[in-house]
Structures are given as C-alpha cells and as structure tokens.
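What follows is a set of notes on a single structure, which appears directly below.
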Amino acid sequence: MSTGQHEIGADTADPAPTADPADGAVYQVGEVAERVRLSHRTVRYYDDQGLLSAARSAGNYRLYSRSDIERMLMIRRMKPLGFSLEEMRHVLGVLDRVDRESAQAPELELELRRAIDDVRERRDKLAEQMAGADEFLAALRARLP
DNA sequence: GTTCTCACA
DNA sequence: TGTGAGTA
C-alpha cells in the first residue's frame, strides 16, 4: 500500500476513507486518478484549470496531498450537478475561506448559503429528471406482454 | 511512470 | 469540457 514517492516521499498512508488528520502522504497524478476514479488526463486538466494546486517534485511531477484528493472528490460530486469549472472554482474558493476563517463573517455566511441554495436547486432538478425517468420506465414496462 | 503541446469533438 | 497521440 505504498503511496506516492518521488522526492518528498512520505509513505504513511492508509487509504481508509475515515478521517485521518493531515499526514504527509503524497500522491502522483495516476494514483490520485485511480483513487477518485477519474482519468489522469482529467485530473491534470482540473489542475491546469486551477481547481487544484499540486506541489511539484524536483522532477516537476505533480504531488498531491490527502486534502487534494478530498477536493477532487468534491469536484466529482459537483460534476453531475452540472457545475461548470468556473462555478466549481467559485464554490471551492468559498469553502476554502470558510475552512480557514469559519463562516462567522456575514459576507462569507451569505456566500455559503448561496452555494447551499444553488446545490439544492440543482438537486431538485435532478430529482425531477429521475421522476420523469421513472414514469418513462413505467410506460415502457406497461407495453410488455 | 510523468511532463508538455496540438488536434479534435 | 475533456481526450488521444506524440514527445522528451
């Protein structure tokens, strides 16, 4: 269960999905891709688009941390909700600020509430589509002999 | 294994 | 918004 190496080789990781306070584990792009189940091209693309900020090894390899992986998982959850990369960047930025300074500042709390409303709206639209799919399925099944 | 760029849909 | 190919 060795994790990323290459220069800053910390190798203390255990892929347990449970909380694990920021250890020094470092992952290369392929390993991140595998863990978040996206192609390495997509991970690199998101990185290039500024959704992630990988460190670099001496050999210019991208180095990702555990928090980068969690960030990727957030992105993967936003994707089916139809967020554009720019919208994701915005939401992630809000979360970054909230995590650093909490949502005590009224302006930040408002941003967070907007994000929540936005996600809820998208979720509701998906639910409508699901309902439509169920009706369609029922209509098809009703034709079965 | 990784990097980057270019082309393509 | 990604991906495939070619390269170093």
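Here is the naming used below: chain letters follow the sequence lines, and residue numbers restart at 1 for every chain. Here the structure is a predicted model, which is why all the values come from computation and not from measurement.
Between A/Leu51 and A/Leu92, the shortest heavy-atom contact is O-CD1, 4.1 Å. A/Leu63 and A/Arg56 get closest at one heavy-atom pair: CD1-C, 3.9 Å. A/Phe83 and A/Met78 make their closest contact through CD1-O, 3.4 Å (heavy atoms, listed as atom of the first residue, atom of the second, distance).
Side chains of A/Leu137 and A/Arg141 form a contact here, defined as non-hydrogen atoms less than 4.5 Å apart. Side-chain contact between A/Val32 and A/Gln28 is absent, with no heavy atoms from C-beta onward closer than 4.5 Å.
Note on A/Glu101 versus A/Arg97: no salt bridge recorded, every NZ/NE/NH1/NH2 to OD/OE distance being 4.0 Å or above. We find that A/Asp117 and A/Arg113 are not joined by a salt bridge, their nearest charged nitrogen and carboxylate oxygen being 4.0 Å or further apart.
Computed from coordinates, the A/Met72 CE to C/dG2 C1' distance equals 13 Å when rounded to whole Å. Taking atom CG of A/Asn60 as the reference point, atom C1' of B/dT2 lies 9 Å away to the nearest angstrom. Distance CZ (A/Phe83) to P (C/dG2): 14 Å, rounded to an integer number of Å. For the pair A/Arg76 CZ and C/dT1 P, the computed distance is 19 Å after rounding to whole Å. Separating the OH atom of A/Tyr61 from the P atom of B/dT3 is a distance of 7 Å, rounded to the nearest angstrom. A/Met78 has its CE atom 15 Å from the C1' atom of C/dT1, to the nearest Å. The CD atom of A/Glu31 sits 9 Å away from the P atom of B/dT2 (whole-angstrom rounding).
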Could you go over nucleotides 4-8 of chain C and give all protein N or O partners under 3.5 Å, atom names and distances?
unit_1	atom_1	unit_2	atom_2	d
C/dG4	N7	A/Arg41	NE	3.2
C/dG4	N7	A/Arg41	NH2	3.0
C/dG4	O6	A/Arg41	NH2	2.3

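Contacts of A/Asp47 classified as side chain to side chain donor-acceptor pair (under 3.5 Å), with partners at least two apart in sequence or in another chain: A/Arg62, A/Tyr64.
Remark: B/dT2 base-pairs with C/dA8; criterion is Watson-Crick or G-U wobble with both hydrogen-bond distances under 3.5 Å.
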| message | One pair to check against salt bridge (charged side-chain N to carboxylate O under 4.0 Å, His left out): A/Arg114 and A/Glu111. What are the steps and the verdict? | response | CA-CA 5 Å; A/Arg114 281 187 180 138; A/Glu111 281 294 301; 3.0 Å; yes

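For DNA chain C, the neighbouring residues in residues 45-53 of chain A, judged by any heavy atom under 4.0 Å, are A/Tyr45, A/Tyr46.
For A/Gln28, the side-chain atoms get nearest to B/dT2 when compared with the rest of B/dC4, B/dT2, C/dT1.
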